[in-house]
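Report on one structure; see the data block that follows.
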Amino acid sequence: MMNLDEVYWSSRYASGRTGWDIGYPSPPITQYLDQLDNKSLKILLPGAGNAYEASYAFQKGFQNLFILDIAKAPLEKFKKANPLFPAKQLIRDDFFNHNETYDLVLEQTFFCALDPELRRDYVNKMHELINPKGRLAGVLFNRKFDFQGPPFGGTEEEYRSYFSEKFDGVFASCYNSIPERMGSELWINLRPK
Ligand SMILES: C[S@@+](CC[C@H](N)C(=O)[O-])C[C@H]1O[C@@H](n2cnc3c(N)ncnc32)[C@H](O)[C@@H]1O
């Protein structure tokens, strides 16, 4: 298993090797947020990086919003860019050590950043973190990569084999991906079983 730890991710930020970072809020996530009426939902963005989706959500009135990342640099950057965002809602921790519960967890290039051997652990951890009536929503890569990850890709069939034990819901071709990822993402909207 690869050691994709805090040192690894911090060095990626320090050296600017952040090819995953699209520089603006991901449209599948913002369009999903746009149709949610309940602004008091408790939301987590794990592996949030520069968390443009969190800036967007906060500006739209979602205040019960938490950002979690193992690396310090993007959290500090977010804090500077969003001075009104409560510091206690910026969490520096390993996702697998985080113990809280949420109504909604948003997935944006976090699953693909983890060693594939951790996929079952990711599903189990998400199940612990999400309230019985909560949701896991976001995007997963629906393609393989011909180089050593991260990112690590996969197929709908493979993802279903992990998620189906603990979640029910939608896996659909994503129609509102960014142009560079069009046709290579799955939208997921899952409820815990
Ligand atoms: C590929 S980047 C994606 C960042 C952001 N979601 C985006 O789309 O720009 C993966 C992020 O997950 C964070 N990360 C990796 N492993 C983590 C873990 N075990 N717990 C929390 N964050 C983690 C990294 O520091 C990095 O910011």
Side-chain angles (χ1 to χ4, degrees), residues 1-33 43-58 65-82 85 89-100 102 104-130 136-145 147-154 162 174 176-182 184-188:
M1 186 154 59
M2 287 181 73
N3 194 16
L4 300 172
D5 57 6
E6 189 269 329
V7 172
Y8 171 84
W9 289 104
S10 292
S11 77
R12 295 286 303 245
Y13 283 103
S15 59
R17 287 175 300 127
T18 56
W20 60 79
D21 187 315
I22 64 175
Y24 60 93
S26 169
I29 305 282
T30 60
Q31 290 176 32
Y32 178 69
L33 289 168
I43 305 177
L44 176 70
L45 268 105
N50 287 316
Y52 308 107
E53 297 77 21
S55 307
Y56 180 89
F58 195 59
L65 174 64
F66 294 77
I67 299 172
L68 178 137
D69 206 287
I70 204 167
K72 189 173 173 190
L75 294 172
E76 298 273 299
K77 195 170 162 194
F78 182 90
K79 203 170 166 182
K80 281 206 184 102
N82 298 271
F85 193 89
Q89 290 167 225
L90 291 170
I91 306 162
R92 185 174 175 206
D93 202 357
D94 185 326
F95 169 75
F96 294 102
N97 292 336
H98 185 57
N99 292 310
E100 253 304 326
Y102 297 92
L104 174 62
V105 179
L106 294 171
E107 168 56 52
Q108 167 73 21
T109 59
F110 174 53
F111 178 86
C112 69
L114 299 171
D115 189 298
E117 284 190 31
L118 294 174
R119 288 182 172 178
R120 204 167 291 281
D121 294 342
Y122 169 103
V123 171
N124 290 335
K125 188 66 193 174
M126 283 295 182
H127 195 266
E128 279 174 36
L129 293 174
I130 299 175
L136 168 63
V139 281
L140 301 178
F141 278 117
N142 190 17
R143 57 165 290 189
K144 296 199 171 157
F145 295 94
F147 52 83
Q148 170 69 55
F152 301 98
Y162 296 125
C174 190
N176 50 4
S177 298
I178 63 168
E180 297 84 345
R181 295 180 189 169
M182 192 57 83
S184 63
E185 285 184 319
L186 281 173
W187 170 256
I188 56 166

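Just so you know, residue 1 is the first one in the sequence shown, and it goes up from there. Remember, it's 1-based here, ligands and their atoms both numbered in the order they're listed.
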Ligand 1 versus [X], non-hydrogen atoms closer than 4.0 Å: side chain, backbone, both, neither?
| X | answer |
| --- | --- |
| Tyr13 | side chain |
| Pro46 | neither |
| Trp9 | side chain |

Are any of the N/O atoms on [X], whether in the backbone or the side chain, positioned under 3.5 angstrom from an N/O atom of ligand 1?
| X | value |
| --- | --- |
| Ile70 | yes |
| Phe110 | no |
| Pro74 | no |

Name the closest protein heavy atom to [atom], giving the residue it belongs to and the distance to 0.1 Å.
| atom | result |
| --- | --- |
| atom 4 (C) of ligand 1 | Gly47 O, 3.3 Å |
| atom 25 (O) of ligand 1 | Asp69 OD1, 2.6 Å |
| atom 9 (O) of ligand 1 | Trp20 CD1, 3.2 Å |
| atom 5 (C) of ligand 1 | Ala48 O, 3.3 Å |
| atom 20 (N) of ligand 1 | Phe95 N, 2.8 Å |

Taking atom 18 (C) of ligand 1 as the point of reference, which of Ile67, Asp94, Asp21 owns the nearest heavy atom?
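Comparing heavy atoms across Ile67, Asp94, Asp21, the nearest one to atom 18 (C) of ligand 1 lies in Asp94.
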Where does the angle between the aromatic ring planes of Tyr32 and Trp187 fall among parallel (under 30°), tilted (30 to 60°) and perpendicular (over 60°)?
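Plane angle between 30° and 60°, so tilted.
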Ring geometry between Phe141 and Phe145 (parallel below 30°, tilted from 30 to 60°, perpendicular above 60°):
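Rings of Phe145 and Phe141: perpendicular, as their planes differ by over 60°.
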Does a donor on one side chain and an acceptor on the other come within less than 3.5 Å for Tyr122 and Glu107?
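Judged by distance alone, the side chains do pair up.
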Using only heavy-atom distances, determine whether the side chains of Lys125 and Asn99 contain a donor-acceptor pair under 3.5 Å.
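The answer is yes; a qualifying pair exists.
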Just by modelled atom types, is the [Y] backbone N or O under 3.5 Å from a matching donor or acceptor in the [X] side chain?
| X | Y | value |
| --- | --- | --- |
| Arg12 | Arg17 | yes |
| Ser184 | Arg181 | yes |
| Asp115 | Met2 | yes |

Would you say the rings of Tyr13 and Trp20 are close, in the sense that their centroids are separated by under 6.0 Å?
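Centroid separation for Trp20 and Tyr13: below 6.0 Å.
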Pull out every atom of ligand 1 sitting under 4.0 Å from any heavy atom of [X], numbered as shown with elements.
| X | result |
| --- | --- |
| Ala113 | 1 (C), 10 (C) |
| Asp93 | 20 (N), 21 (C) |
| Leu68 | 21 (C) |
| Thr109 | 1 (C), 2 (S), 3 (C), 5 (C), 6 (N), 7 (C), 8 (O), 10 (C) |

Under the side-chain contact (heavy atoms from CB on, under 4.5 Å) rule, what do Val139 and Gln108 come out as? Steps first, then yes or no, please.
CA-CA 6 Å; Val139 281; Gln108 167 73 21; 3.2 Å; yes
Phe95 side chain reached by Leu129 side chain, heavy atoms, under 4.5 Å:
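Touching, per the 4.5 Å side-chain cut-off.
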